[in-house]
Amino acid sequence: MAATSQLVRDHEGRPPFVVGLRDLDAGAVGIAGGKAANLGELMGADLPVPDGFCVTTEAYLELTAVADLTEVLADLAGVAADDRDRAVALAGRARDRILSVAVPAPVADAIASAYRALGDTAVVAVRSSATAEDLPFASFAGQQDTFLGIAGTAAVLDAVRRCMASLWTDRAVVYRVRNGVDHAVTRLAVVVQRMVDAAVAGVMFTVNPVTGRRGETVVDAGPGLGEAVVSGAVNPDHFVLDSRTGAVLERRLGDKRLVVRTRAEGGTEAVPLPASDAPCVSDDQLRALVRLGDRVQQHFGRPQDTEWAIDGAGGLWLTQARPVTTLFPIPDGDPAEDGCRVYFCFSLAQGLTRPLTPMGLSAIRVIGSSVARLYGRPPVDPVAGPPGVRDAAGRLFFDITPILRSTAGRAVFPRVLDVMEARSATVLRALFDDPRLSVVHSSWWPVVRRLAWVAARFGVPLQVAQAVARPAAARRRLARLGERLRERPVPPASAAPADRLDHVVGLLGDAVVQVVPRVMPPAAAGFAMLGLAGRLLGPDLRPGELATVLRGLPHNVTTEMDLELWSLATRVRADRDAAAAVRRESAGELTRAHRTGALPPVLQHGLAGFLERYGHRAVAEIDVGVPRWGEDPAPVLGVLATYLRLEDPDRAPDRVFARGAGEAEAMVAALTERARRRGRLRGRAVGLALDRARQLAGIRELPKSLIVVVLARVRQQVLGIGADLAAAGGLVWAEDVFFLDLGEVAAGLEGRDLRDVVAGRRADHDRELRRRHVPRVLLSDGTEPEALVGVAPAADGALAGTPASAGVVTGPARVVLDPGTAHLVPGEVLVAPSTDPGWTPLFLTAGALVMEMGGANSHGAVVAREYGIPAVVGVPDATSRFTTGQQLTVDGTRGLVTAAVEEGGR
């Protein structure tokens, strides 16, 4: 911050209107904006940057004070994130006000003086430099204007004013509105920089922006000014280079038919040039660019997006540098010594695109320790978790490198993903040929031995046999397990916080061990019997018939929950006061009334009964930092309001579910009869297998439900500890405890002040909530393998995914990123990034389901099948490719989603 402080002192407490670029550094963002501050940093590092000056934000404030934007700012404060038309109208008012006034005399004099120092006829670039920081999900690059080839004082003043007005372009204002950036504190500085008489110019990324691979430099180059490359006005030469050696890894020459040249009177013009097969830059120049990029990256400590130019004498210049904001960070830890590592995103596999809280991550690390202990590899520190559990950007990753480097792992793990997250399986199989991931463990024996030991310890073969023989008894046994988990003693209110913390660690350490080995065998037996029936039927089985058997499955805790909520909706609909309240009030208002007992009795008591059974559940429920429905029933009340909008009795979810169950039973009968024709014994075997599949497969949703019961109990204990820390002054609020990990909580109980830690974590979490792209698989060099695999195009322009629930439906899309605020009109096609059980109440009124994540046996697929709605999962980028209201045809049998093309569209 040295530069900023010095400037303030030199100007008697007020920042100057103009500052030389050489006088700026990274601490000057507040008065110079990010672009100018970065240029000052580069000059301070003795990097080749053209000379120039910065018109500061103080000058912007002087100009806008004359223009008077007070009314516009007040109006913008009330604009909703999705109200683009209102934002655009206000943006136009702000621009008009700025462009209608002259640059104030003191500012104009300072600019004129600085410009004369460059030369009375100097040709300069005038570029916007905003103070808003780049966000982790997008960059502010290109939001404001740039003017090239400006000459003369009057032209420079006009360009500066237009740059300042460009803070209020339609795209800039809409961007800030959508991303929650405060217009009142966003200001603009302007860089005025001597133009390079470029023979060739372009952009350079010190990381591969497509694959995310660190260690690669990507250069696009074209003749003349770099603006042609940046704006897309020219098809440039494209190079990918090794950042260590400068070796060219990929070379693709563009036709370079168009460049942008400077006009003598100022401004620019497009000039067509003949196509050229020769590259714009030599290999020596490319190596020089790589070295320059490495210096820039080393200085800033992170990958950079730079613009550069080479003048007629061969001199290499930097004209801009900014961080690459689109990269997903590499999971924590330094795997460099271990070579290439492969990280699988467990968050996405569990239906989460949002970040977990630090406490949520910490809790799963302890659970991971219990799994490792179960497998015979206990970690040194159970709270820190096993070394294979990593996180990045608040998302949980598993290091699956050992799995991919073993014969058994390659055979089993992708097959599991085929039914859970099929796209990830495709991505992982594409890595099998990578020499860095060659098989080093070819024997199956260690894996078989450990699995056999676990199976013997928990009597898995006996559990499977008992479940097949007596499925009702197996379900009763699991019900008793659930009761024991719910009735597990908790520390008394008088217990010391440290004792409660020990209890939390113990609960987490037992959660998976208590649940999974006892619940999964019966569920697995159900799916195994379904597979057995398929084998016995052989060629007599037609596509989609086994999926029909799984419709309307009984004994599924998730569908039972959804149908109970629908039952409450029917009672509310029948009660005039309750129905009026749900239709009239917002979910937040209804929640507040529920807490005071002020809801109409039918709704008050019905909601209380539902929450007593299912209050432990929530969207993103694997994160202990997320409030449960019992704490905040607003999402449940929002779904109730959606249910009341369903007027067609034939589409009532209970009827739809019953029809699905009837279709399943009819299919069981038909398949049994079909098999009997090939032999009575075969018919009996198929009938028994399909019956057991229906009686046991619904248990598949129970393990997660029971683990969430444990997590809800953990959450209550952690909240109590948070209250103690807040009372002692270590936190501001009890809920702040969820932005710490368990180790930090222990430190807080010993007296550490954690308020600053929480503030930083909350800010990081809030930013990460807006990140849209999370990689399924990530390599330790930053590569996202999915970018290399690509997506095979389907016929007729359809997007292909994994068929998850048979049937074909056409209806309007409803893109939903947050189910807590979703308003799904009955019959709409629900398009979501992924889902967990907290989403499934929306399925009851959806016409079909499309998900970016998942496989044929993921949560969303299972529930969609049971409700009989067509579903396609694993559709890449579905939430960005489709828009709300767009007509979609969802073919759940073939796994295709087709968007209708409007007349006159492309």
Nearest-0.5 Å distance that lies between atom [atom1] in [X] and atom [atom2] in [Y]:
X	Y	atom1	atom2	value
C54	R127	SG	CZ	13.5 Å
I310	L289	CD1	CG	5.5 Å
I330	L779	CD1	CG	9.5 Å
I111	T153	CD1	OG1	10.0 Å
L188	T56	CG	OG1	11.0 Å
Q193	L21	CD	CG	6.0 Å

Report the C-alpha separation of Q320 and R322 in whole Å, then their side-chain angles, then the decisive distance to 0.1 Å, and conclude whether the side chain to side chain donor-acceptor pair (under 3.5 Å) test is met. CA-CA 7 Å; Q320 280 196 59; R322 54 180 170 263; 2.7 Å; yes
Derivation and outcome, side chain to side chain donor-acceptor pair (under 3.5 Å), residues T783 and R213: CA-CA 4 Å; T783 301; R213 181 173 294 159; 2.7 Å; yes
Below 4.0 angstrom, N of the basic side chain to O of the carboxylate: do D158 and R162 qualify? yes
Is S128 close to L167 at the side-chain level, that is, under 4.5 Å between some pair of heavy atoms? no
With a 4.5 Å cut-off on side-chain heavy atoms, are L39 and L24 touching? no
Are the side chain of [X] and the backbone N or O of [Y] linked by a donor-acceptor pair below 3.5 Å?
X	Y	result
D877	S880	no
T206	G293	no
R176	D182	no
Q304	R302	yes
S113	A110	no

Which pair of heavy atoms, one from R771 and one from A393, lies closest together, and at what distance? NE-CB, 4.1 Å
Smallest separation among heavy atoms of D75 and V79, with atom names: O-CG2, 3.5 Å
Does R194 make a cation-pi contact with W317 (under 6.0 Å, within 45 degrees of the axis)? no
Check whether the ring centres of F328 and H773 lie less than 6.0 Å apart, and answer yes or no. no
Evaluate the criterion side chain to side chain donor-acceptor pair (under 3.5 Å) for residue pair D284 and S282; output intermediate values, then yes/no. CA-CA 5 Å; D284 285 343; S282 67; 5.1 Å; no
If we check salt bridge (Lys or Arg N to Asp or Glu O under 4.0 Å) with R251, which of these qualifies: D283, D237, D220? D283
For the pair F739 and H765, name the ring-plane relationship: parallel under 30°, tilted 30 to 60°, perpendicular over 60°. perpendicular
